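Working notes for the structure below.
Predicted, not measured: the structure shown is a model, and the values here were computed from it.
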Amino acid sequence: PILFDKYSDFIDVYAEIREDERDSIRQEINEHKEETAMLMQYLREEGKKEGRQEGRQEGVNQGLSESLMVFLKARFGVKGLELFERNISKIADIGKLKALIEAAAQANSVQDVAKLI
């Protein structure tokens with residue numbers, strides 16, 4: 001009940017819930033506690049899944065970005081890669097990062113790869 005009041009007050013600010021609507025919602029939740037609990041559990045689980053997926057995606061992006069920089073440094077040296085490194089870290093698309101790694105393997109210079117970013 002305390003959390004309900006807290007959240008309903010918050011929602012009230014944005015949705016302008018009237019007192020009778022709040023009472024109706026409270027009654028509906030109390031009548032369907034089991035279904036509400038199951039729905040909340042489902043929403044929590046879905047949120048966790050989504051968070052794990054986003055975390056995996058970020059990890060893959062970071063790994064590809066770091067791999068590309070290691071490859072470029074090994075192939076072309078460190079000179080001039082600072083700005084390049086900042087631009088690579090902003091790329092979120094896995095396909096683009098993979099394409100850059102492939103291009104770096106065939107490039108004659110780091111400038112050839114930079115043109116693709």
Side-chain angles (χ1 to χ4, degrees):
I2 294 170
L3 283 178
F4 178 83
D5 289 339
K6 178 180 177 181
Y7 292 127
S8 64
D9 287 342
F10 177 78
I11 292 169
D12 185 39
V13 170
Y14 296 99
E16 299 179 7
I17 295 175
R18 297 185 318 267
E19 190 64 36
D20 61 321
E21 291 174 319
R22 184 179 304 162
D23 292 341
S24 174
I25 292 170
R26 179 178 285 130
Q27 182 180 355
E28 189 73 27
I29 288 173
N30 284 333
E31 288 175 6
H32 302 283
K33 284 182 182 179
E34 187 174 324
E35 292 91 350
T36 302
M38 288 173 24
L39 176 60
M40 293 303 296
Q41 181 63 29
Y42 171 78
L43 293 173
R44 269 194 292 275
E45 288 171 8
E46 288 300 306
K48 287 178 185 178
K49 284 180 192 175
E50 188 175 311
R52 283 192 296 271
Q53 179 62 30
E54 288 175 9
R56 281 193 289 272
Q57 176 100 14
E58 287 176 20
V60 169
N61 283 3
Q62 183 178 357
L64 287 171
S65 296
E66 290 174 7
S67 296
L68 178 56
M69 289 308 302
V70 167
F71 183 78
L72 290 170
K73 287 175 184 176
R75 181 129 192 260
F76 302 112
V78 178
K79 187 178 178 183
L81 289 181
E82 300 83 21
L83 179 62
F84 198 77
E85 191 168 10
R86 277 184 264 143
N87 289 334
I88 288 174
S89 68
K90 294 176 186 174
I91 299 172
D93 185 280
I94 290 173
K96 174 112 178 162
L97 287 167
K98 288 179 178 181
L100 285 170
I101 291 171
E102 289 178 22
Q106 299 171 8
N108 294 321
S109 70
V110 73
Q111 288 80 13
D112 291 343
V113 181
K115 292 174 189 175
L116 301 173
I117 295 180

Should L64 and L100 count as side-chain neighbours, where that means a heavy-atom distance under 4.5 Å? no
Quick one: does any side-chain atom of R75 pair with a main-chain N or O of A107 as donor and acceptor, under 3.5 Å? yes
Cluster question for you: counting only ILVMFWY and a side-chain heavy-atom cut-off of under 4.5 Å, with indirect links fine, are V110 and L68 together? yes
For A104 and L72 the tightest heavy-atom approach is CB-CD2, 3.7 Å
Please list all pairs passing the salt bridge (Lys or Arg N to Asp or Glu O under 4.0 Å) test where one or both residues lie in residues 38-51, with sequence neighbours left out. E46-K49
Got a second to check how far K90's NZ is from I117's CD1, nearest 0.5 Å? 10.5 Å
Euclidean distance, L116 CG relative to E102 CD, rounded to 0.5 Å: 11.5 Å
Rounded to the nearest 0.5 Å, what's the gap from OG on S67 to CD1 on I101? Could you check? 5.5 Å
Might you point out which heavy atoms bring N61 and I91 nearest each other, and give the distance in Å? ND2-O, 4.4 Å
Answer with yes or no whether the hydrophobic clustering places I94 together with F71; edges join I, L, V, M, F, W, Y residues whose side-chain heavy atoms lie under 4.5 Å apart. no
Can you name the salt bridge (charged side-chain N to carboxylate O under 4.0 Å, His left out) partners of E58, sequence neighbours left out? none
Rounded to the nearest 0.5 angstrom, the CZ-CG distance for F76 and D112 is 7.0 Å
